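What follows is a short report on a single structure.
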Amino acid sequence: MDMKSLKKQIEEKFGIPYEEFCELDPEIITELIEAKIGKKLKPDDRLIIDGIPIDKHHVIQREEIDREINKINQNWPQRVMNKIFKRR
């Protein structure tokens, strides 16, 4: 997104010139945004490394990997037998 379109969007959304918007206090900008979207802003307190959020939904633990490997190992003979007998 180029700077011209960003300035234009800010002016359209908030109804004030971009230069005025830049001079506002962060608290006032937050209040303007909250009034515009109709709800409170909340900070994103997740740990982020290289743009990837690091939380329980984005990290696979060793125990999970071991469980999946065990499932594969337990089902392997049955899958092989199913393939053998389905071919005939």
Side-chain angles (χ1 to χ4, degrees):
M1 176 179 280
D2 61 35
M3 197 64 179
K4 279 186 178 181
S5 64
L6 178 65
K7 289 180 183 181
K8 186 177 177 182
Q9 281 185 350
I10 288 174
E11 290 173 354
E12 288 175 358
K13 298 281 183 189
F14 297 107
I16 58 175
Y18 176 76
E19 290 74 23
E20 248 183 77
F21 183 82
C22 290
E23 293 175 6
L24 294 174
D25 290 332
E27 293 85 19
I28 295 173
I29 292 174
T30 302
E31 290 173 10
L32 283 172
I33 294 170
E34 288 173 348
K36 190 70 176 173
I37 64 173
K39 60 183 179 179
K40 286 268 196 204
L41 292 177
K42 56 183 179 181
D44 184 6
D45 55 358
R46 296 177 295 181
L47 176 63
I48 296 177
I49 298 176
D50 292 335
I52 300 170
I54 305 300
D55 57 10
K56 64 181 179 180
H57 302 293
H58 294 88
V59 175
I60 300 173
Q61 295 181 355
R62 184 68 190 176
E63 293 81 23
E64 292 176 59
I65 295 170
D66 290 340
R67 260 185 270 139
E68 291 299 317
I69 290 172
N70 287 338
K71 281 184 197 176
I72 293 169
N73 286 338
Q74 288 172 355
N75 294 333
W76 185 80
Q78 184 65 37
R79 288 187 322 185
V80 170
M81 296 302 287
N82 286 342
K83 284 184 179 179
I84 291 171
F85 288 113
K86 284 184 183 178
R87 287 184 188 165
R88 293 180 185 183

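All heavy atoms count here, side chains included; hydrogens, waters and symmetry mates do not. No experiment lies behind these values; they were computed from the predicted model shown.
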Can you run down the ring pair (Phe, Tyr, Trp, His ring centres under 6.0 Å) pairs that involve residues 18-37, sequence neighbours left out, and say none if there aren't any? Phe14-Phe21
Hey, what do you get for CD1 (Ile10) to CD1 (Ile29), rounding to the nearest 0.5 Å? 8.5 Å
Gap separating the CG atom of Leu24 from the CG atom of Leu32, nearest 0.5 angstrom: 6.5 Å
Leu41 and Ile48: same hydrophobic cluster, using ILVMFWY side-chain contacts below 4.5 Å? no
Using the test salt bridge (charged side-chain N to carboxylate O under 4.0 Å, His left out), find all partners of Glu34 that sit at least two apart in sequence or belong to another chain. Lys40
Under 3.5 Å donor-acceptor, Asp2 side chain and Ser5 backbone: yes
For Lys71, enumerate each residue passing the salt bridge (charged side-chain N to carboxylate O under 4.0 Å, His left out) test, keeping only those at least two apart in sequence or located in another chain. Glu68
Applying the side-chain contact (heavy atoms from CB on, under 4.5 Å) criterion to Asp66, which one of Glu63, Glu64, Arg62 satisfies it? Arg62
